[in-house]
Amino acid sequence: AGARTFSVADDIISYLRSHVLTGAEARNLVKGDVFNSPKLEVLHMVYMRLLQKVYGIRLEHFYMMPVNVDIMYPQIFEGFLPVCNLYIHMERLLPVCRITDFQIADVLNPKTKRTARFLSGILNFVNFREFRREVYLELQLNYKSAMEKHQQLEAANREAAVKLEKLNTVPAEHQAEVKQLTDNIRELEQLLRQEYRRKQTALQEVISQKKSDIAENTRKLNELKVTMATLKEEQEQLKSKIVESPEELKNYKELMKETVKKLKKSKQEVIEKYEGYRDLVEVLPSCQLEVQLYQKKMERQGANVETLASVLSEVRNLEDQLESAQIELKKGKTDEMSLKRLVTAKHEKLSTAEIRIKKKREDVEQYKQTVFEYCNRVQEKRGAVYDKVTAIHKEIQQTRFKIHQLKENAEKEEMKAKEIYLNLKAGLEKHHDSLIKTAKSYAAAREDKIAELKKGLLRVQTPESSS
């Protein structure tokens, strides 16, 4: 009973909104945040709320550093710590929900199908837990009310016992009077018993004597009956053997009538004696008159005993109340025993569950230890890598500083080279100008020499032609 299967995404979302999340978290939750493309922050928030609902884990516990592990650089774990704690608590919860393949990747990179299966199993367990929790709380309430009723009955029993003890104890001022009354009653009872025994023995002797006489008379009567029966048999036999004459028959009948009369007379005497003995036996109640006289004497003492009788009646009432209270107490004890059996059964189930949980916790602790050892090894490796990175960073800084210095030197050399270039350029331009001027002057001088040579040639050619 109370089982429910969450196989559809809409059912899971509606259950999360109505039973797990509250306020803005429930209103802002949509199907796409969990299933189509799961958002890590929304999924982590859902897991945290489920853990808060089942184990009562507060939000700040997810951000606490474990104190049983020595971590050199705790600031490195600040970003990874909530995810690591969430994974540890979820790995503790999911085996209880019969899910054993939960991994750290399901927290860091969740898949839609696996997330749906995990949420379905967790919500099934939460729904079952809420149903059984109501039954357990009801059972606990019934047990508490039964214990309270049991305590009330025990208190009433103790009060009744105290009252009974008070009633049984005679006050000091009445002890002498009560003692005297009890002594008088005992003496009177003793006298009555003695007188009654004496008269009873006398009457028993008379009765035994009368009974013996009655037995003797009864024996004689039986003998007479037997004799009469034998006589009748003889008469019948004689009737068959003897030829009966009317006179003999008449005489025999008269004789038989006389015999019958005698027998009746003896029977009547026996009956009269029996009635006389019976009258004597009936005289026995006359001794009750004397008993009544003694009772009158006791009645004269009754006025003094009225207080004692009222006390005894109150004692009887209290005893009745005590008996009813004991009956109620027995009923309460039977209810208590049944409840105790139920509670012991529940405790056995809880103990087995606790043993399983303890085993799971030990496994989780062992796994946590291995995780912490792995984290420590990672931390050591990270420290070594960090040292290498720091050394490389220092080398990079030095190289950058050298490059910067080289750049500055190159800029300075470049400036110097530019200055030299400008100076050389200016010198070259001056030298080019001087060369141009020299060339021009050389060309002009050459032309002048060529002109002079031409003139000299012309002069030489002119006389020759004339000759």
Side-chain angles (χ1 to χ4, degrees), residues 1-8 10-23 25-26 29 45-59 61 89-100 117-160 321-362 364:
R4 181 178 176 182
T5 303
F6 297 89
S7 59
V8 183
D10 295 331
D11 293 338
I12 295 173
I13 295 299
S14 62
Y15 189 85
L16 288 173
R17 286 174 179 170
S18 58
H19 294 85
V20 179
L21 304 177
T22 57
E25 293 177 352
L29 182 67
M45 179 264 294
V46 171
Y47 285 158
M48 287 180 183
R49 297 303 180 206
L50 288 169
L51 289 169
Q52 287 176 1
K53 188 175 182 65
V54 176
Y55 290 126
I57 300 171
R58 291 182 293 184
L59 187 62
H61 289 170
H89 291 303
M90 287 297 293
E91 197 178 29
R92 172 189 168 193
L93 170 64
L94 286 169
V96 181
C97 305
R98 298 293 186 270
I99 297 171
T100 57
R117 184 163 61 86
F118 296 151
L119 288 175
S120 178
I122 294 169
L123 295 182
N124 279 328
F125 172 73
V126 170
N127 189 29
F128 173 75
R129 175 179 175 273
E130 291 296 327
F131 177 74
R132 299 309 300 171
R133 185 169 174 269
E134 291 176 359
V135 176
Y136 180 74
L137 290 176
E138 184 178 358
L139 180 64
Q140 190 177 11
L141 184 62
N142 292 331
Y143 178 72
K144 187 177 180 182
S145 61
M147 288 298 294
E148 290 176 355
K149 190 175 181 181
H150 175 66
Q151 291 174 0
Q152 290 175 0
L153 290 173
E154 284 186 347
N157 192 4
R158 286 195 294 271
E159 291 177 359
Q321 292 179 2
L322 182 61
E323 187 176 358
S324 62
Q326 286 178 351
I327 292 168
E328 291 291 331
L329 183 61
K330 286 180 181 178
K331 290 181 180 178
K333 284 183 178 179
T334 54
D335 295 335
E336 182 185 358
M337 291 299 292
S338 62
L339 289 172
K340 279 184 178 179
R341 285 194 293 272
L342 290 173
V343 169
T344 50
K346 294 293 182 183
H347 281 307
E348 288 176 357
K349 290 182 180 178
L350 286 173
S351 63
T352 54
E354 286 177 356
I355 290 168
R356 291 176 182 174
I357 291 169
K358 187 177 180 181
K359 187 176 180 182
K360 294 294 182 183
R361 285 180 180 173
E362 290 176 355
V364 168

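We count residues from 1, following the sequence as given.
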*Asks:* Of the non-hydrogen atoms in Q52 and I57, which two are nearest, and what is the gap between them?
*Replies:* CG-O, 2.7 Å
*Asks:* Counting C-beta onward and ignoring hydrogens, is there a side-chain heavy-atom pair between V46 and V20 closer than 4.5 Å?
*Replies:* no
*Asks:* To the closest 0.5 Å, what do you measure between CZ (R98) and CD1 (I122)?
*Replies:* 14.0 Å
*Asks:* Under the salt bridge (Lys or Arg N to Asp or Glu O under 4.0 Å) test, which residues partner R58, sequence neighbours left out?
*Replies:* E60
*Asks:* With side chain to side chain contact (heavy atoms under 4.5 Å, CB included) as the criterion, how do L16 and R49 come out once you've worked through the C-alpha distance, each side chain's angles and the decisive distance to 0.1 Å?
*Replies:* CA-CA 10 Å; L16 288 173; R49 297 303 180 206; over 6 Å; no
*Asks:* Minimum heavy-atom separation for F125 and V54, please, with both atom names.
*Replies:* CE2-CG1, 4.0 Å
*Asks:* So M90 and F118, do their side chains get closer than 4.5 Å, heavy atoms only?
*Replies:* no
*Asks:* Rounded to the nearest 0.5 Å, what's the gap from CD on E154 to CG on N157? Could you check?
*Replies:* 8.0 Å
*Asks:* List the atom pairs, with distances to 0.1 Å, where a side-chain N or O of residues 134-149 and a protein N or O form a donor-acceptor pair under 3.5 Å, not counting sequence neighbours.
*Replies:*
| residue | atom | partner | partner atom | Å |
| --- | --- | --- | --- | --- |
| N142 | ND2 | E138 | O | 3.2 |
| S145 | OG | L141 | O | 3.3 |
| S145 | OG | N142 | O | 2.7 |

*Asks:* Do H19 and E130 touch side chain to side chain, with heavy atoms closer than 4.5 Å?
*Replies:* no
*Asks:* If you look at every heavy atom in K53 and V126, which pair is closest and at what distance?
*Replies:* CE-CG1, 3.7 Å
*Asks:* Taking all non-hydrogen atoms of both residues into account, name the closest pair between C97 and G121 and its distance.
*Replies:* CB-O, 3.9 Å
*Asks:* Atom CD1 in I12, atom CZ in R117: separation rounded to 0.5 Å?
*Replies:* 12.0 Å
*Asks:* Does the side chain of N127 reach to within under 4.5 Å of the side chain of L123, using non-hydrogen atoms?
*Replies:* no
*Asks:* Taking all atoms of both residues into account, what is the closest heavy-atom pair of L119 and Y47, and its distance?
*Replies:* CD2-CE2, 3.9 Å
